[in-house]
Amino acid sequence: MPGRAVRGSDSGRPIMAALDLLGRRGALRIVWELREGRVLTFRALQAAAELPPGTLNTRLAELRAADIVAADAGYRLSPRGSDLIAALWPLLRWSEDWASAMGDR
């Protein structure tokens with residue numbers, strides 16, 4: 001959470017907390033699977049994210065505590081989670097350009 005020390009940073013700066021949260025095994029995959037308004041059950045999300053139940057349960061608890069994922073009749077992105085997806089689109093475009101440039105080497 002912002003304001004607290006996280007792996008790799010004692011500052012608690014919001015960007016470092018966000019990168020720590022999203023860098024945990026399966027967290028970004030969960031967010032990605034729920035993009036575009038998708039609502040998935042635990043079992044469907046487990047299959048899509050290819051995570052063991054214990055890891056998925058832990059990540060969902062962390063993402064819910066961070067107000068990125070909501071749970072009601074399945075799991076979905078919260079409004080803040082939808083904002084995160086919108087913020088990730090430029091990074092997706094950048095990564096595709098980067099991959100293309102690296103392939104041209």
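Note that the structure is a prediction, hence the values are computed from the model and not measured. Any value given below was found using the heavy atoms of this structure, including those in side chains, with hydrogens, waters and symmetry copies removed.
Leu45 contributes atom CG, which lies 5.0 Å from atom CG of Leu56 (distance to the nearest 0.5 angstrom). Between the CG atom of Leu22 and the CG atom of Leu88 there is a distance of 7.0 Å, given to the nearest 0.5 Å. To the nearest 0.5 angstrom, Gln46 atom CD is 11.0 Å from Tyr75 atom OH. The structure places CG of Leu40 at 7.0 Å from CD of Glu33, a figure rounded to the nearest 0.5 Å. Rounding to the nearest 0.5 Å gives a distance of 5.5 Å between CG of Leu63 and CD1 of Ile30.
In terms of the side-chain contact (heavy atoms from CB on, under 4.5 Å) criterion, residue partners of Thr41 (sequence neighbours excluded) are, by chain and number, Arg43, Ala44.
Counting heavy atoms from C-beta on, the side chains of Ile85 and Ser82 never come closer than 4.5 Å. By the 4.5 Å heavy-atom criterion applied to side chains, Glu50 and Arg29 are counted as neighbours. Looking only at side-chain heavy atoms (C-beta outward), Val39 and Leu34 stay at 4.5 Å or farther from each other. The side-chain heavy atoms of Leu92 and Trp32, taken from C-beta on, include a pair separated by under 4.5 Å. The shortest distance between side-chain heavy atoms of Arg25 and Leu51 falls below 4.5 Å. Arg38 is not listed as a side-chain neighbour of Arg76, based on a closest heavy-atom distance of 4.5 Å or more.
A salt bridge is absent between Arg93 and Asp97: the closest approach of a Lys/Arg side-chain nitrogen to an acidic carboxylate oxygen does not fall below 4.0 angstrom.
A pairwise comparison of heavy atoms in Ala66 and Arg80 identifies O-CD, 4.1 Å as the closest pair.
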